[in-house]
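This report refers to the structure that appears directly beneath it.
This chain uses plain numbering: 1 for the first residue, then up along the sequence.
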Amino acid sequence: VHDSDYSPLLPYGYGLSYADKANSTAPAILSNSLSEDNFSEQVQLSQKPLFERAVKAPWKMLIGSVEDDKVSMEPIASSVQSNDVVTIKTFDKQVQEDARHVSFNGKALGFVSLQGNFPEDLRAYLASKSVLSMQVKVGSSIKAPVNVGMTCEGDCRANVDISTQLSALSLDTWSELNIDLTCYQGQGIDFGKIISPFTLSSSGAVDISFSDIILKPKTASMVSVECP
C-alpha cells in the first residue's frame, strides 16, 4: 500500500464505503452499467446430421424384419446386405457411397433403422420447431404404407406414414421430404430419451432410396409433413 509505485486497479479498501460512487470529478472505477443480455436469442441451433455421406455417431444402421411377432435385426456391415424381407445397397449420389437403396419385398414388415446404444437428448430440436429432413427417391409406384418412425427409451415408438407424399413424387427423381417433429411428440415420443431417430419401414413391396437424413430447424419456406 505504501510502495512508491502503488497503482492497483482497485485501491485498498475500495467498495467498503457508500462514498465510492461515480461523480463528475471522480468517475467510478467499475461501471454500474452491466449488460443483463445473455445473448440466447442470438444463438441459432445448428443442423444435426444423422446420415450424411455416412452414418453419424453415435448412431449405427441396422436392417431388420418382423415375422410372426418375432423381431430380428442386424447391423449393416457391407455395401450390400439382405434378410428375408429387405435388401439395402450403397450407391453414389454426389460422392462415393453417400446414398442407400432399399428394397422391401412385401413378405413381412421390414425396416432400416438408425439406432444408438444410449438415449440421446434431442429436446432442443423439438423446442426450435425442427423437422426430420431427408432426400428420397422412389423407383416404382407406392402401393403400400411407408413409415418413418422414431423410438425412445421405454419402448415408446411412433410412425408417420409418408406414402401419400412419396406417391406425389416423380419416379427416379431426388426430392426433399420433411416431417415436423411434433408428429412424433403427439404420439408420445420423449425427445429427451431418443434411441432411434429414424426407422424406415414397410410391409409392402417398395423400392426407395434415401440420403442426407438431418434434423433441421424449420424455415418459413420449408414444406413439411404436418400432423393434426
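- Legend: residues meeting salt bridge (Lys or Arg N to Asp or Glu O under 4.0 Å) with Arg53, ordered by chain and number and at least two apart, are absent.
- Remark: Ile76 pairs with Met61, Ile63, Gln81, Ile88 by the side chain to side chain contact (heavy atoms under 4.5 Å, CB included) rule, at least two apart or across chains.
- Using a 4.5 Å cut-off on side-chain heavy atoms (C-beta onward), Phe111 and Val66 make contact.
- Using a 4.5 Å cut-off on side-chain heavy atoms (C-beta onward), Met150 and Leu181 make contact.
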side-chain hydrogen bond (donor to acceptor under 3.5 Å, both in side chains) evaluation trace for Ser72 with Ser65: CA-CA 6 Å; Ser72 63; Ser65 62; 3.2 Å; yes
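- A 4.5 Å side-chain heavy-atom check between Leu169 and Ser175 finds at least one atom pair inside the cut-off.
- Classified by interplanar angle (parallel below 30°, tilted 30° to 60°, perpendicular above 60°), the ring pair His101/Phe91 is perpendicular.
- A salt bridge does not link Lys107 to Asp84: none of the charged side-chain nitrogens sits closer than 4.0 Å to a carboxylate oxygen.
- Between Leu114 and Pro197 the shortest heavy-atom distance is O-CD, 3.3 Å.
- The closest side-chain heavy-atom distance from Thr182 to Lys129 is not below 4.5 Å.
- For Glu97 and Lys89, the salt-bridge test fails: no basic side-chain N is under 4.0 Å from an acidic carboxylate O.
- Residues Ile162 and Asn147 have side chains not in contact (no heavy-atom distance under 4.5 Å, counting atoms from C-beta outward).
- In terms of hydrophobic clustering, with Ile, Leu, Val, Met, Phe, Trp and Tyr side chains grouped at heavy-atom distances under 4.5 Å, Val225 and Val146 are assigned to a common cluster.
- Note: the hydrophobic cluster containing Met222 does not contain Leu45 (ILVMFWY, side chain heavy atoms under 4.5 Å, direct or indirect links).
- When all heavy atoms are compared, the tightest approach of Gly64 to Val86 is O-CG1, 3.8 Å.
- At a threshold of 4.5 Å between side-chain heavy atoms, the hydrophobic network of Ile, Leu, Val, Met, Phe, Trp and Tyr places Ile179 and Ile195 in two separate groups.
- Clustering ILVMFWY residues whenever any of their side-chain heavy atoms sit less than 4.5 angstrom apart, transitively, puts Leu109 in a cluster other than the one holding Ile208.
- A salt bridge does not link Lys70 to Asp68: none of the charged nitrogens lies less than 4.0 Å from a carboxylate oxygen.
- The two atoms that bring Asp98 and Lys93 nearest to each other are OD1-N, 2.6 Å, heavy atoms only.
- Between Asp207 and Ser140, the shortest heavy-atom distance links the atoms CB-OG, 3.6 Å.
- Centroid-to-centroid, the aromatic rings of Phe210 and Phe198 come within less than 6.0 Å.
- No side-chain donor-acceptor contact under 3.5 Å links Asp92 to the backbone of Gln94.
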Verdict with reasoning, Lys218 to Asn178, per side-chain hydrogen bond (donor to acceptor under 3.5 Å, both in side chains): CA-CA 9 Å; Lys218 189 176 182 179; Asn178 302 303; over 6 Å; no
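- Minimum heavy-atom separation, Gly204 to Ala144: CA-CB, 3.6 Å.
- Between Asn159 and Arg157 the shortest side-chain heavy-atom distance does not fall below 4.5 Å.
- A donor-acceptor contact shorter than 3.5 Å is absent between the side chain of Thr199 and the backbone of Ser113.
- Val131 and Leu177 sit in two unconnected hydrophobic clusters of ILVMFWY residues. Membership requires side-chain heavy atoms under 4.5 Å apart, directly or through other members.
- For NZ of Lys56, the number of neighbouring non-hydrogen atoms (other residues, nucleotides, ligands) closer than 6.0 Å is greater than 12.
- The structure places OG of Ser130 at 11.0 Å from NZ of Lys216, a figure rounded to the nearest 0.5 Å.
- No side-chain donor-acceptor contact under 3.5 Å links Asp180 to the backbone of Cys183.
- Listed here is the closest heavy atom pair of Ser163 and Ile142: CB-CG2, 3.8 Å.
- Ser196 is listed as a side-chain neighbour of Gln115, based on a closest heavy-atom distance under 4.5 Å.
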